[in-house]
**Q** 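Here's a structure for you.
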Number of protein chains: 2
Amino acid sequence: MSEVVHCCQDRMVYESRRFNLPQAEIKCLMLFAEIGQQTVTQVAQGLDVAKSRASNILSDMATRGLVSFDPDPDDGRVKLVSLTDRGKEYAAEIGDFITRIHGAVLSRLEPPERVMVIKSLELLKNAMDSVKQQLEEM
Amino acid sequence: MSEVVHCCQDRMVYESRRFNLPQAEIKCLMLFAEIGQQTVTQVAQGLDVAKSRASNILSDMATRGLVSFDPDPDDGRVKLVSLTDRGKEYAAEIGDFITRIHGAVLSRLEPPERVMVIKSLELLKNAMDSVKQQLEEM
DNA sequence: CAAGTTGGTTAATGGTATTAACTAAGCATT
DNA sequence: AATGCTTAGTTAATACCATTAACCAACTTG
């Protein structure tokens, strides 16, 4: 179990080296691929980090030319963040890479095993969530 | 999938808060519970970190009174590290906690599901290892 | 004994992440 | 319109995780 987790973390490290970007920025690119234009606060929620952390990540990404900031016409406080063309390219490349990896893993399983594995992960996730909730109540 | 991984990381964070110890020291305590007296280099290998990192973790743990260093009578360079009584207590407590959590997760699955989940994790691990190896060769 | 190897420490660096303090903008309410 | 609260975002301080490089001391081997 813990080995499976460790392996997923390794994949992040590998990605990070391969694309020469910090892991946090990679996650952030994937978030944009899913959600598109967002505010800083939304990014913080999406990445599940403090607003200040999101702010730092995004400003680093802006330095790299991956995202750009636009003022919200309806609210002078908020900054709308979106991927630049360069950011979109990166996001597409990384998304591709992840898809390929997932495909490679699944292709190493017989079709009936695939179904079983996916179902198991679902079950496991629910069980873990349930335990987690119980823990939080104590 | 990534949610399962995230949940396991959350467990580490939770443990860390609960026992008021950095995650690295918790992992280290669990390593000692498994292996007993070790050298600094062995700890580094066991935790899969650089020797320097292990050295730092262990000296922090020594400050907390969790481990003690003894010279190796056969080799003046090596330091044999072992848990103090305090360290053993902590290790036992944490080990208990982990066992309880795992038990709680498994108890939320029907017995046949349990077998399936465990088998799936095994399959998944092998598939991931295989992909990883292929990746490293490129 | 000189040369190379191994065990361990220290320092420099960089990534991850949080909390606290702060600014500026928006929204109420009097 | 002035006061006061809330929200969006930034900055600074702090802490943890981890690596590489440089180094010393001790062992091994030719």
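Reminder, nothing fancy here: chain letters follow the sequence lines and each chain counts from 1. Heavy-atom basis, side chains included; hydrogens, waters and symmetry copies ignored. Here the structure is a predicted model, which means the values were calculated and not measured.
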**Q** Of the listed nucleotides (D:dT19, C:dT16, D:dC16), which one gets closest to any side-chain atom of A:Gln23?
**A**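 Comparing D:dT19, C:dT16, D:dC16 against the side chain of A:Gln23, the answer is C:dT16.
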**Q** Just to be sure I understand the rule, does B:Ser16 reach a base, reach only the sugar-phosphate, or reach nothing, if contact means heavy atoms closer than 4.0 Å?
**A**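 No contact at all - B:Ser16 keeps every heavy atom at 4.0 Å or more from the nucleic acid.
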**Q** Once the angle between the rings of A:Phe97 and A:Phe19 is folded into 0 to 90°, is it parallel (under 30°), tilted (30 to 60°) or perpendicular (over 60°)?
**A**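 Perpendicular.
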**Q** When we call it a touch if two heavy atoms are under 4.0 Å apart, what does A:Ala50 touch: a base, just sugar-phosphate, or nothing?
**A**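 Base contact.
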**Q** Quickly work out the B:Arg53 CZ to D:dC16 C1' distance and round it to whole Å.
**A**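 In whole Å, D:dC16 C1' lies 7 Å from B:Arg53 CZ.
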**Q** Looking only at side-chain N and O atoms, does A:Thr41 come under 4.0 Å of OP1 or OP2 in D:dG9?
**A**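 A:Thr41 to D:dG9 OP1/OP2: side-chain N or O found under 4.0 Å.
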**Q** What is the distance from CG of B:Asn56 to P of D:dC16, rounded to the nearest Å?
**A**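 After rounding, the reported distance stands at 12 Å.
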**Q** Whole angstrom is fine here: how far is it from CD1 in B:Ile57 over to P in C:dT9?
**A**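 In whole Å, C:dT9 P lies 12 Å from B:Ile57 CD1.
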**Q** Just how far, in rounded Å, is P of D:dC16 from CZ of B:Arg17?
**A**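 Going from CZ in B:Arg17 over to P in D:dC16 covers 12 Å.
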**Q** Indicate, yes or no, whether a donor-acceptor pair under 3.5 Å links the base of D:dT20 to the side chain of B:Ser52.
**A**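 Yes, a donor-acceptor pair under 3.5 Å.
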**Q** Toward the 5' end of DNA chain C, which comes first, A:Asp48 or A:Gly76, by nearest nucleotide?
**A**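 Result of the comparison: A:Asp48.
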**Q** For C:dT9, does OP1 or OP2 lie under 4.0 Å from any side-chain N or O of B:Lys79?
**A**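 Checking C:dT9 against B:Lys79, a side-chain N or O does come within under 4.0 Å of OP1 or OP2.
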**Q** Measure CG/B:Asp75 against C1'/D:dC24 and give the value in whole Å, please.
**A**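 Distance check: B:Asp75 CG to D:dC24 C1' gives 15 Å.
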**Q** Tell me: CD of A:Glu15 to C1' of C:dT16, nearest whole Å?
**A**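 So the two atoms are 17 Å apart, to the nearest Å.
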**Q** Pick one: which of B:Asp70, B:Leu58, B:Thr39 meets side chain to side chain contact (heavy atoms under 4.5 Å, CB included) with B:Val81?
**A**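 When B:Asp70, B:Leu58, B:Thr39 are each tested with B:Val81, the side chain to side chain contact (heavy atoms under 4.5 Å, CB included) holds only for B:Leu58.
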**Q** Looking at the side chain of B:Val40, which of C:dG8, C:dT19, D:dT19 is the nearest nucleotide?
**A**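 Among C:dG8, C:dT19, D:dT19, the one nearest the side chain of B:Val40 is C:dG8.
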**Q** Please report, rounded to the nearest Å, how far the C1' atom of C:dA11 is from the NZ atom of B:Lys51.
**A**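 The distance from NZ of B:Lys51 to C1' of C:dA11 comes to 16 Å, rounded to the nearest Å.
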**Q** Looking at B:Asp129 and B:Lys125, does any basic side-chain N land under 4.0 Å from a carboxylate oxygen?
**A**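 Salt bridge between B:Asp129 and B:Lys125, a charged N being under 4.0 Å from a carboxylate O: yes.
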**Q** Ignoring backbone atoms, establish whether A:Arg77 has a side-chain N or O less than 4.0 Å from OP1 or OP2 of D:dG9.
**A**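 Looking at the OP1 and OP2 atoms of D:dG9, neither is under 4.0 Å from any side-chain N or O of A:Arg77.
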**Q** Expressed as a whole number of angstroms, how long is the span from A:Leu47:CG to C:dT18:P?
**A**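 Nearest whole value for this atom pair: 10 Å.
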**Q** Using the rule given for side chain to side chain contact (heavy atoms under 4.5 Å, CB included), can you reason through A:Lys27 versus A:Ile57, listing the C-alpha separation, both sets of side-chain angles and the distance that settles it, and then say yes or no?
**A** CA-CA 10 Å; A:Lys27 282 188 210 153; A:Ile57 293 170; over 6 Å; no
**Q** Measuring to OP1 and OP2 of D:dT10, would you say a side-chain N or O of A:Ser55 lies under 4.0 angstrom away?
**A**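 For A:Ser55, the contact criterion (side-chain N or O under 4.0 Å from OP1 or OP2 of D:dT10) is met.
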**Q** Base, sugar-phosphate or nothing for B:Ser59? Non-hydrogen atoms, less than 4.0 Å.
**A**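 Contact class for B:Ser59: none.
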**Q** Check B:Gly95 against B:Met30 and note the closest heavy-atom contact, atom names and distance.
**A**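 Smallest interatomic distance, heavy atoms only, reads N-CE, 3.9 Å.
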